[in-house]
Amino acid sequence: MKIHNLYSPNFDRKKRTKNSIKIIVIHYTGMQSERESKIRLCNPKSKVSSHYLINRTGKVYRLMEDNRIAWHAGKSCWAKYKNLNKNSIGIELENKGHLLGYSNFSQKQLSSLIKICKILIKKYKIKKRNVVGHSDIAPLRKNDPGEKFPWQKLANNRIGFWHHCKPMMLRKHRNINILKKKDKIKYINNLNKIGYCFSSKKKYFLMKIVKAFQRHYRQELINGHPDKECLIITLNLLKNL
Ligand SMILES: [Zn+2]
């Protein structure tokens with residue numbers, strides 16, 4: 001596939017080894033335009049970057065080599081990994097985002113993303129469960145790539161982790177509260193097993209993690225309340241781990 005080179009200076013001086021690359025993190029740019037996104041990702045003053053940027057027409061830019069540690073994840077955690085810049089590849093998708101006018105990702109953009117993910121997954125042997133969104137690894141601070149990002153479509157292309165529950169069956173359990181305390185604990189433990197990190201059991205923090213889970217796996221209703229549908233999805237996901 002054709003990749004266009006740009007240059008961002010926003011990376012650690014020390015290179016990394018191929019073996020340290022374990023995770024793909026998907027973002028949206030959250031900026032007005034492609035031009036603004038490029039300027040920001042390449043400006044030394046911004047101190048942010050990613051490895052790839054995909055615009056709405058599906059054009060792919062490489063901002064640095066994969067062996068560079070890009071500054072895209074920030075304070076973050078996933079499974080046993082902490083502060084994920086050193087272990088991940090960051091891919092930015094052009095989209096104005098929740099604050100400036102969140103829109104569907106374009107088909108061309110997604111098909112380029114699928115191609116690039118397939119190359120990276122093969123090259124670095126990235127596990128299905130380690131293809132994540134920025135909100136999955138930093139749920140307190142981030143909402144991207146958000147609930148319009150089609151994780152299921154990626155999973156249909158063997159990218160990322162997905163469940164095998166029937167939509168009709170799931171819908172029946174939507175908004176049905178988990179009443180038993182032991183089921184609530186089970187749901188939280190399941191999130192933990194999937195990779196979500198808990199540094200605090202405070203209610204506000206839990207709600208943010210549940211929202212991140214919903215943005216990824218139950219996009220029709222994002223309210224931060226675990227219901228039976230959420231619990232069933234986690235049980236099914238863990239069967240496929
Ligand atoms: Zn992001």
Side-chain angles (χ1 to χ4, degrees), residues 1-8 10-11 21 23-43 46 48-66 68 70-73 84 88-124 126-138 142-163 167 212 214-220 222:
M1 77 181 296
K2 188 159 168 52
I3 297 179
H4 305 262
N5 286 313
L6 281 178
Y7 175 78
S8 171
N10 298 334
F11 53 77
I21 301 173
I23 298 164
I24 294 175
V25 182
I26 296 171
H27 304 260
Y28 66 48
T29 53
M31 302 211 68
Q32 270 306 345
S33 66
E34 177 188 347
R35 190 173 162 271
E36 272 183 43
S37 308
K38 283 185 194 159
I39 291 172
R40 180 154 189 264
L41 291 168
C42 295
N43 182 349
S46 78
V48 294
S49 58
S50 63
H51 295 89
Y52 300 93
L53 165 68
I54 308 177
N55 76 7
R56 295 191 62 82
T57 66
K59 197 166 173 181
V60 181
Y61 298 97
R62 176 188 280 124
L63 283 70
M64 65 187 69
E65 296 296 325
D66 295 348
R68 291 297 188 180
W71 301 339
H72 63 98
L84 302 182
S88 64
I89 300 241
I91 305 178
E92 287 276 0
L93 302 173
E94 184 198 349
N95 192 311
K96 288 183 186 169
H98 291 88
L99 295 178
L100 299 175
Y102 190 35
S103 56
N104 286 327
F105 295 89
S106 80
Q107 289 310 312
K108 284 181 180 164
Q109 196 172 29
L110 293 170
S111 78
S112 294
L113 175 68
I114 288 167
K115 280 185 203 155
I116 193 92
C117 282
K118 281 185 177 169
I119 295 168
L120 296 171
I121 287 167
K122 195 167 171 208
K123 190 165 179 188
Y124 302 110
I126 290 169
K127 289 183 183 153
K128 279 195 156 87
R129 59 185 290 193
N130 286 346
V131 181
V132 294
H134 201 184
S135 58
D136 293 316
I137 63 166
K142 297 290 174 181
N143 295 332
D144 64 318
E147 61 280 4
K148 290 182 194 287
F149 183 77
W151 291 104
Q152 189 171 10
K153 183 183 164 89
L154 263 72
N156 293 341
N157 285 278
R158 305 175 60 78
I159 299 163
F161 201 32
W162 197 249
H163 60 78
Q214 292 171 338
R215 283 206 161 87
H216 192 135
Y217 292 106
R218 206 278 300 276
Q219 300 180 323
E220 295 84 355
I222 292 139

Is the shortest heavy-atom distance from the side chain of [X] to the side chain of [Y] under 4.5 Å?
X	Y	result
Leu41	Asn10	no
His4	Arg62	no
His72	Ser88	yes
Leu120	Ile91	yes
Tyr102	Asn143	no
Ile137	Ile23	no
Arg68	Ser49	no
Trp151	Phe161	no

How long is the gap from [atom1] on [X] to [atom2] on [Y], to the nearest 0.5 Å?
X	Y	atom1	atom2	result
Lys153	Phe105	NZ	CZ	13.0 Å
Ser50	Met64	OG	CE	7.0 Å
Glu94	Gln32	CD	CD	10.5 Å
Ser37	Tyr28	OG	OH	12.0 Å
Ile222	His216	CD1	NE2	12.0 Å

By side chain to side chain donor-acceptor pair (under 3.5 Å), which residues pair with [X], not counting sequence neighbours?
X	result
Lys38	Glu34, Tyr61
Asp144	His27, His134
Asp66	Tyr52, Tyr124

Sub-3.5 Å donor-acceptor pair from the side chain of [X] to the main-chain atoms of [Y], do we have one?
X	Y	value
Ser106	Arg56	yes
Ser8	Leu63	no
Asn55	Thr57	yes

Worksheet item: More than 12 foreign heavy atoms under 6.0 Å from NZ of Lys108: is that the case here?
Response: no
For [X] and [Y], which heavy atoms make the closest approach, and how far apart are they?
X	Y	value
Val25	Gly133	CG1-C, 4.2 Å
Ala73	Leu84	CB-CB, 4.1 Å
Gly101	Asn95	O-OD1, 4.2 Å

Response to the item:
Partner of Ile24 under side chain to side chain contact (heavy atoms under 4.5 Å, CB included), picked from Val132, Ile121, Asn130, Leu113, is Ile121
